[in-house]
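Throughout, residue positions are numbered sequentially from 1 according to the sequence presented. Owing to the predicted nature of the structure, the values given are computational and were not obtained by experimental measurement.
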Amino acid sequence: MAASNGSEYFEFEIEAGTESFARPSNAESVAADEEELLWAAIARLPSQKRSNFALLRKTPSGRGGTETIDVRKLDRQGRENLVKKALATTDQDNFKLLSAIKDRLDRVGLKVPNVEVRFENLNITADVHTGSRALPTLINFTRDVVENIFTSLRIFQPKRHSLTILNNISGVVKPGRMTLLLGPPGSGKSTLLLALAGKLDSNLKKSGKITYNGHALDEFCVRRTSAYIGQTDNHIAELTVRETLDFAARCQGASEGFAAYMQDLSQLEKEKNIRPSPEIDAFMKAASVGGKKHSLSTDYVMKVLGLDVCSETVVGSDMLRGISGGQRKRVTTGEMVVGPRKTLFMDEISTGLDSSTTFQIVKCIRNFVHQMEATVLLALLQPAPETFELFDDLVLLSEGYVVYQGPRADVLEFFESLGFRLPPRKGVADFLQEVTSRRDQAQYWADPSKPYAFLPVSEIAEAFKSSRFGRSLQSTLSNPCDKSKSHPSALSKSKYAASKSELFKACFAREALLISRHRFLYIFRTAQVAFVGFVTCTMFLRTRLHPVDEIEGSFYLSCLFFGLVHMMFNGFSELPLMISRLPIFYKQRDNLFHPTWAWSICSWLVRVPYSVIEAVVWSCVVYYTVGFAPGAGRFFRFMLLLLAVHQMALGLFRMMGSLARDMVIANTFGSAALLVFFLLGGFIIPKGMIKPWWVWAFWVSPLTYGQRAISVNEFTATRWMERSVLVNSTVGYNILQSHSLPVGDYWYWLGVGVLLLYALLFNNIVTVALTYLNRKSKSELFR
C-alpha cells in the first residue's frame, strides 16, 4: 500500500481470523537494521561520492534485503529494473513516481522552477503570391529569382498579397495547468506554437510581445528553454529507438533536470534528518549522471511512451522496415521530452495514434505538468472526449483569432451566451471546431427568441473580449510578471546543454555507428573499386605495355587519368547520403542539440579511413599489374595522391548537397561539375589548347592538380629517362611536354597539397552552409 505522501511503500500482512496486525519477525528487524546501517554508511561519504551510491530494495516490502548500487555503472538491465521499481506500477503511468519526487522536494522546501508564457497583441502576416503566380512553374521560379535579386539591391519591390495568419491575439500559458490548443485546420495553430517557441520563419512579419516570466525572447536562450515538437517525423532510419533517444538525452543534457537539485537536496535532508524512499533516491541520482552513452532518462521515457517493447528496433523509413508509424510519432515526442526542458509546445502529437494510446500519453504529460509545474501547450485536431477531459485550460483558434481562452469546463457556458448549444451525443471538441464554421454553425443555434444569422469569427472574438473570461485574461495580462521571482534555472542562458567536447564525442560516436550500419554500402563500393581495378588491369596489362616510347607512354597516361576519374565518381554517392541527412540535421540544429561544426567535422573524419581503404585497394590491384614505375616510394606516393583525390571528391559532393538541399538540383549541378572538371582537367584538352578566356577554369579545377601530380610521379621515374628517338630529350619529358604537363618533381607535392586544401575548403563551406541555410520546404509553417 502506498503512503499518503507517495514516497514510501509498506506492506502489511493481516493474519487470517484475527483483527490485529502481525508482529514483525526477527528477519524483518534484521533487514531494517541492515538498511539503517547502509544509509549511515552512505551519509558518511564525502558529498561528491555520496551522489554516486544509492540503496535499492530487492522486494517492495524490503524483506528480500537492500543492496547498494553505483548509479554510474548501471547496465541496461539495471536501468530497466530501477525504472520499474521507481514507477511502482506495471501500468504506463508516471503519477506515483512524479508525486513522490514532488513530495521529496516539498519536504525540504525546494522550489520547482516554472515558466509562464505570455503573448500580447501578437500579429503575424506573410507576403504571398495568389492565383497562377503562386504555381511552381519555370517562369514563376525565374521571376522569383530576379525579384529577390532586385529586392535585395533595393531596386524593385514586387507586389504581393498580405496574408494574415494570426490577428492581434493575446493570451497566457500558465505553469502547472494542462492547456489544449484547439482549432480547425488553417487556423494558425502551428504558427502560434512556432512563434512561442522562438522558431518562427524569418520571412514572416511579426509584431507584438512574447515573454517568459516577464523576460523578452532576446534576454535568454529560448530554444533551449522551450521545445517545439512538430508534426513531421524526421529520424535517422538506421538507428534504433534507444540509440535515437540516448543521443537526444546526451545532447540535451538530460542529467541537468535532477542534477540541479541533488546537492542541495542531500544536504537539506541530512540537516533535517529526513530519510527518502530508496527507489526515488536511486532514480534521481541515476538520472543525474551525465556524460554517459546511455541515460536512465531514456529508459524512463520509453517506458512512459510505451516504446520499451521496440527499444532495439531500428526506426526505419519508407525504404527500410522498422517501427510502426504510431511508434515513430512517439519517438518524435520522446526525442524532445527526454531532456530537461519543461516548456513544451506540441503540435498534433496524436497523428497516427489510436485514441487509447493518445489518452495514455496525454495523461502522463498531465502528471508531469501538475507535479513538476511544467508549461505545456498541446495542439490536437480531434481529441477523444476522455482525452479532452484531461486538460485544465483551453485556447480556441479560428481564422487567426482567439475566440476563447480560459478554463476548459467553462467553454460551453461562453458559447451558450452567444446562442449556441452542444447537442446530445456530440463531442465538445468537435462542437468547438465546427461552431465557428459557416457551413456547420447553423445546426448549433439554440436561441428561439431570434432567428439565426451567421456569426463571423471576428464577432465571436470581440464577444469573448467583452465576456468575463476575456476580462479575466486582460486583467492577468495587465499585471506584469515580477522578473525577480523567476527561478534562476527556469530560463536557460547558455546555448548548448553540454560542453563542446562532449557534444563532439556524441556526434562522433553516432557517425561511427552509422558507418557500421552502412557497411553493406561501403563493402559494395570497395568491391566495386576492386572489380573496376581488375577490369582496368586487363585493359592496360603490363605484358602489352612497355615504357619504351611516347606512344606507349600515352597509354600509361590514360590509365592514370582513368584512376583519377574513378576516384572522383566514387565520391558521387556521398551526395544522396548528405541530402537524406539534412532534415534530421536541421531539426537537431534548430533545437540546439549540437553546433554545426561538431556534426560536419565528425562526418568528415569518419570517412577518412574509407578513403584510405579505397586508395589502398585501387593501388594494390592496379599499380604493379599495369606496370607503373616499380619503386616503393612512387607506389606509396601514388596511393597518397588517390587518397587526396577521394577526400576532395567527398568534400565536393557534400558541399553540393549542403548548398542545393534538393536531390534533383544537386544531381544536376553534381553531374555538371564532374563534366567541367573532366573537360578542363588537362588531359582531354591540354592546357595549351584551352582558349585564354577559359584558362582560369583550368586552374580552378581540382582535377588539374591531381593530373599533374600523378603524371609527374610516374614520368619522372628512372625508366622514363631513356633518350627519345624523335628529339634530343628523354621519353618522359616528351610525354609531359606534349600534354602541357610540368616536368618538375615539386609538382607532386604541390598537387597533393592543393587537393588537401580543396578538401578542407569544401568541408568548411559545408559547415558554413549548414550553419546559415535552412531547409527548402517551408509549407509546414503555414498550416
Side-chain angles (χ1 to χ4, degrees), residues 122 164-173 177-193 346-351 353-355 358-359 362 366 377-474 783:
L122 184 61
T164 300
I165 304 174
L166 295 178
N167 196 333
N168 198 33
I169 63 174
S170 301
V172 57
V173 185
R177 292 186 65 82
M178 192 71 169
T179 307
L180 172 65
L181 178 60
L182 205 60
S187 58
K189 299 192 299 296
S190 295
T191 303
L192 174 60
L193 294 173
M346 305 175 143
D347 196 355
E348 297 187 10
I349 63 171
S350 62
T351 304
L353 303 180
D354 59 88
S355 59
T358 302
F359 175 80
V362 174
R366 179 175 180 263
L377 181 60
L378 198 158
L380 295 176
L381 185 59
Q382 289 180 311
E386 60 272 13
T387 304
F388 183 78
E389 296 291 329
L390 293 174
F391 291 89
D392 304 305
D393 293 332
L394 173 67
V395 178
L396 182 59
L397 277 180
S398 183
E399 299 180 11
Y401 292 92
V402 171
V403 296
Y404 178 82
Q405 178 172 358
R408 172 196 53 79
D410 297 334
V411 65
L412 294 180
E413 176 187 340
F414 167 70
F415 280 99
E416 286 176 359
S417 68
L418 299 179
F420 301 102
R421 184 172 299 168
L422 175 69
R425 297 185 299 278
K426 183 72 175 182
V428 179
D430 295 335
F431 162 75
L432 294 176
Q433 295 189 95
E434 295 175 0
V435 73
T436 58
S437 169
R438 180 181 294 271
R439 183 182 59 183
D440 301 315
Q441 189 183 85
Q443 62 180 311
Y444 301 115
W445 183 254
D447 189 355
S449 62
K450 52 184 177 180
Y452 165 75
F454 175 70
L455 194 62
V457 174
S458 57
E459 294 186 14
I460 299 177
E462 290 299 324
F464 165 72
K465 293 179 181 179
S466 304
S467 67
R468 67 180 181 91
F469 308 105
R471 293 194 300 269
S472 175
L473 175 62
Q474 190 58 40
R783 288 175 186 158

(Q) Has S437 got a side-chain atom pairing as donor or acceptor with R439's backbone, closer than 3.5 angstrom? (A) yes

Q: Indicate, with yes or no, if the rings of Y444 and F431 have centres closer together than 6.0 Å.
A: yes

Q. Rounded to the nearest 0.5 Å, what separation is found between the CD atom of E348 and the CG atom of L353?
A. 12.0 Å

(Q) Quick check for you: to the nearest 0.5 Å, what is the distance between K426 atom NZ and L432 atom CG? (A) 10.5 Å

(Q) Do L397 and L192 make a side-chain contact, defined as non-hydrogen atoms from C-beta onward lying under 4.5 Å apart? (A) yes

Q. Do Y404 side-chain atoms and P407 backbone N/O form a donor-acceptor pair below 3.5 Å?
A. yes

**Q.** Residues E399, R438: salt bridge by 4.0 Å N-O rule
**A.** no

Q | Closest approach of R471 to S466 (non-hydrogen atoms, all atoms of both residues) | A | NH1-O, 2.5 Å

Q: Kindly compute the distance separating OG (S417) from CG (D410), expressed to the nearest 0.5 Å.
A: 11.0 Å

Q) With a 4.5 Å heavy-atom cut-off, do V402 and L396 have their side chains touching? A) no

**Q.** Minimum heavy-atom distance between S398 and T436, given as atom pair plus value
**A.** OG-OG1, 3.1 Å

Q.
Run the side-chain contact (heavy atoms from CB on, under 4.5 Å) test on L182 and L394 for me, step by step, so that the C-alpha distance in whole Å, both residues' side-chain angles and the decisive distance to 0.1 Å come before the verdict.
A. CA-CA 7 Å; L182 205 60; L394 173 67; 3.8 Å; yes

Q) Can any side-chain N or O of Q405 pair as donor or acceptor with the backbone N or O of V172 at less than 3.5 Å? A) yes

Q) Say you draw a straight line from CG of N168 to CG of L122; how long is it, rounded to the nearest 0.5 Å? A) 8.5 Å

Q: Would you mind reporting whether V403 and F464 have side-chain heavy atoms less than 4.5 Å apart?
A: no

Q. side-chain contact (heavy atoms from CB on, under 4.5 Å) between D440 and V435: does it pass, once the steps are laid out?
A. CA-CA 6 Å; D440 301 315; V435 73; over 6 Å; no

**Q.** Side-chain donor or acceptor of Q433 paired with backbone N/O of L381 under 3.5 Å
**A.** yes

Q) Would you find a donor on one side and an acceptor on the other, under 3.5 Å apart, between the side chain of S472 and the backbone of F469? A) no

Q.
Between T358 and S350, is there a side-chain donor-acceptor contact under 3.5 Å, judged purely by atom types and distance?
A. no

**Q.** Between CG on residue L180 and CG on residue L390, distance to nearest 0.5 Å
**A.** 10.0 Å

**Q.** Heavy-atom closest contact (A379 atom, L193 atom, distance)
**A.** CB-CD1, 3.9 Å

(Q) For R421, is there any backbone N or O sitting under 3.5 Å from a side-chain donor or acceptor partner on E416? (A) no

Q) Backbone N or O of F391 within a donor-acceptor pair of the R408 side chain at under 3.5 Å? A) yes

Q: Would you please test F415 and L422 for side-chain contact (heavy atoms from CB on, under 4.5 Å) and show each step?
A: CA-CA 9 Å; F415 280 99; L422 175 69; over 6 Å; no

Q: Using side-chain contact (heavy atoms from CB on, under 4.5 Å) as the criterion, point out the one residue from L181, I349, D347 that pairs with L378.
A: I349

(Q) Main chain of G400, side chain of N167: is a donor-acceptor contact present, judged purely on distance under 3.5 Å? (A) no

(Q) Just so I know, are the side chains of W445 and K450 near enough to count as touching, which here means a heavy-atom distance under 4.5 Å? (A) yes

Q: Indicate yes or no: does E389 engage R366 in a salt bridge with an N to O separation below 4.0 Å.
A: no

(Q) Let me confirm one number: the CZ-CD distance from F388 to Q382, rounded to the nearest 0.5 Å. (A) 13.0 Å

Q: Please examine the side chains of L455 and Q441, heavy atoms only from C-beta on, and report whether any two atoms are closer than 4.5 Å.
A: yes

Q: I would like to know whether M178 and D393 meet side-chain contact (heavy atoms from CB on, under 4.5 Å); could you show each step before the answer?
A: CA-CA 6 Å; M178 192 71 169; D393 293 332; over 6 Å; no

